[in-house]
Amino acid sequence: MDEQVDVVVVGLGPGGEYAAGALAEAGLEVVGVEAELVGGECPYWGCVPSKMMIRAGNLLAEARRVAALAGDVDLTPDWSRVAGRIRQEATDDWNDQVAVDRLTAKGGRLVRGTGRLAGPRRVTVGDRTFVSRRGVVLATGSRPRIPPVPGLAATPYWTNRDAMAAKELPASMVVLGGGAIGVEVAQVFARFTCRVTVVEGQERLLSQEEPESGDLAAEALRADGVTVLTGVRARQVSHDGNEFTVWLDGAAEPLRSERLLVATGRHAELAGLAVETVGLDPTAGVVPTDGQMRAAEGLWAVGDVTGRGAFTHVSMYQAQIAVRDILGRPGPDADYRALPRVTFTDPEIAAVGLTERQARERGLRVRTAVLPNSSSTRGWIHGPGGEGFVKLVEDADRGVLVGATSAGPAGGELLYGLNVAVHAEVPVERLQHMIYTYPTFHRALEPALAALR
């Protein structure tokens, strides 16, 4: 027999969990469907454990800088402390009971299993069928994209999940992919004495960001002993029971390592959701939505499946819009002009809005400025570890910033002001006449604004 409810949320990652909880708190009868852990990738295998790792790696790096500024330090890295903190504080040893209790305390109901659409407002989970009076929210996230490299599928390669759960670090590791996940893990592991090689097919690391960002990331990784290979691809992989062998295009000798981390991006899988039952294309890479996150009649989609970036903050933002719409409350459409993102390397590399290339491809008349941190008083004071820059991208015809990058110590925090400027379209002339606190890293914005050309 069909079970009648108000809303079914399929997938309880950050956006799905928020939507289910908020709708339940509003008095609706909500069923949340999750095949894995309530909370999704972020708290168990992504944002939270990786930042714990990065915090530990950054402490090691700062301790190694003491000799240049403050004295002498004896340092012995101990990965077991990092792994223990991830297990005990971040993931409860990958137990989601706290998250489950959080959902049920709000009035939501959890159903374990894989949810599939079965027509408008209908979801099947095993042999159960739920019919929703208000509608369905799709929030099924994404999975690692595994490249079709010959031999790779037959090997015990790692994804981000294996790296986050590592009780012991390997002596050596090859990383396929120089995006955010690849460079973050590479730097941390290297700081704990793992020999790391990063292989990136594009000409730069962080290829979706500004060229200056990719160059800075490569410099930072190399300073930590990472071998960075760009513009090359793996053509074959094998594993002999003890180590990996990775052959690269154009290279006479292969790479050999104890572990291989695949970090070549993520993708949504729609085929298993039976989206065709509601008129959507199961072969598409994303679920298209309107400004209120509606994907079809009685269907909303939030998070990675919408193709707006695999970011927790995007899924939460979209979930808030979907909840508001389901409850019949008016509000603005989703606005991605000022989409922020941070790569938590040391230095942090944060960006918002368009890159210079993206702005020019849109036909904008662009003015830019790049100012190294070393040219600012605070950058000079900071010394070792203060590498970075500020880059601004202006739509010259409108006189507003459409993109910006802040790289350096606390680059992600400095981004906030730039995020406001891009989102609110604050005139550059107004920004040029603000008072900028001295001596701070953000004070570099004042000469950067003056240097727009």
Side-chain angles (χ1 to χ4, degrees), residues 49-50 52-65 73-83 86 147 149 151-152 155-201 204-206 214-264 343-347 385 387:
S50 69
M52 284 187 172
M53 290 166 47
I54 289 165
R55 164 69 171 149
N58 288 355
L59 283 173
L60 292 178
E62 281 294 278
R64 290 169 181 140
R65 293 166 184 147
V73 172
D74 291 325
L75 192 63
T76 305
D78 182 358
W79 182 256
S80 68
R81 302 187 190 187
V82 182
I86 289 172
V149 178
L152 176 62
T155 69
Y157 62 83
W158 275 8
T159 67
N160 63 294
R161 292 193 172 193
D162 303 285
M164 297 304 109
K167 291 183 178 180
E168 297 179 355
L169 285 195
S172 58
M173 182 173 69
V174 170
V175 180
L176 297 184
I181 295 173
V183 297
E184 287 178 1
V185 174
Q187 186 177 54
V188 169
F189 277 30
R191 287 177 165 181
F192 278 87
T193 72
C194 176
R195 297 189 308 277
V196 182
T197 299
V198 174
V199 178
E200 169 55 51
R204 288 186 176 87
L205 301 180
L206 305 179
D215 293 343
L216 178 62
E219 292 170 9
L221 263 61
R222 289 183 176 123
D224 282 310
V226 177
T227 300
V228 178
L229 304 176
T230 58
V232 295
R233 298 180 184 275
R235 61 179 171 85
Q236 188 171 343
V237 174
S238 68
H239 188 262
D240 64 5
N242 293 307
E243 68 175 7
F244 287 86
T245 302
V246 181
W247 286 268
L248 304 178
D249 286 336
E253 294 295 322
L255 303 174
R256 291 185 170 85
S257 63
E258 183 180 340
R259 292 291 180 187
L260 175 66
L261 173 64
V262 177
T264 50
T343 300
F344 289 90
T345 46
D346 175 18
E387 297 80 6

Should [X] and [Y] count as an ion pair when the cut-off is N to O under 4.0 Å?
{"X": "Glu62", "Y": "Arg65", "result": "yes"}
{"X": "Arg64", "Y": "Asp346", "result": "no"}
{"X": "Asp249", "Y": "Arg233", "result": "no"}

To the nearest 0.5 angstrom, please state how far the [atom1] atom of [X] sits from the [atom2] atom of [Y].
{"X": "Leu260", "Y": "Trp158", "atom1": "CG", "atom2": "CH2", "result": "10.5 Å"}
{"X": "Asn58", "Y": "Thr345", "atom1": "CG", "atom2": "OG1", "result": "9.0 Å"}
{"X": "Leu206", "Y": "Thr343", "atom1": "CG", "atom2": "OG1", "result": "4.5 Å"}
{"X": "Glu253", "Y": "Leu255", "atom1": "CD", "atom2": "CG", "result": "10.0 Å"}
{"X": "Phe192", "Y": "Leu60", "atom1": "CZ", "atom2": "CG", "result": "4.5 Å"}
{"X": "Thr159", "Y": "Ile181", "atom1": "OG1", "atom2": "CD1", "result": "9.0 Å"}

Compare all side-chain heavy atoms of [X] with those of [Y] and state whether any distance is below 4.5 angstrom.
{"X": "Thr230", "Y": "Arg204", "answer": "no"}
{"X": "His239", "Y": "Pro156", "answer": "yes"}
{"X": "Val174", "Y": "Phe244", "answer": "no"}
{"X": "Thr245", "Y": "Asp240", "answer": "no"}
{"X": "Pro147", "Y": "Val262", "answer": "yes"}
{"X": "Val246", "Y": "Val199", "answer": "no"}
{"X": "Val226", "Y": "Gln187", "answer": "no"}
{"X": "Glu258", "Y": "Arg195", "answer": "no"}

With a sphere of 6.0 Å drawn around CZ of Arg161, does it hold more than 12 non-hydrogen atoms of other residues, nucleotides or ligands? yes
Which atom names give the shortest non-hydrogen contact between [X] and [Y], and what distance separates them?
{"X": "Ser50", "Y": "Glu184", "value": "OG-OE1, 4.3 Å"}
{"X": "Pro170", "Y": "Cys194", "value": "O-SG, 3.3 Å"}
{"X": "Val196", "Y": "Ala190", "value": "CG2-N, 4.0 Å"}
{"X": "Asp162", "Y": "Tyr157", "value": "OD2-O, 4.1 Å"}
{"X": "Ala186", "Y": "Val175", "value": "CB-CG2, 4.4 Å"}
{"X": "Ala163", "Y": "Met53", "value": "O-SD, 4.4 Å"}

Are Asp224 and Leu221 close enough, and set up right, to give a side chain to side chain contact (heavy atoms under 4.5 Å, CB included), and what steps lead you there? CA-CA 5 Å; Asp224 282 310; Leu221 263 61; 5.8 Å; no
Strictly distance-based, threshold 3.5 Å: is any side-chain N or O of Arg222 a donor or acceptor partner for the main-chain N or O of Val228? yes
Can you pull out every ring pair (Phe, Tyr, Trp, His ring centres under 6.0 Å) where at least one residue sits in residues 167-187? Sequence neighbours excluded, please. none
Matching residue for Val198 among Leu261, Thr227, Leu205 - test: side-chain contact (heavy atoms from CB on, under 4.5 Å): Leu205
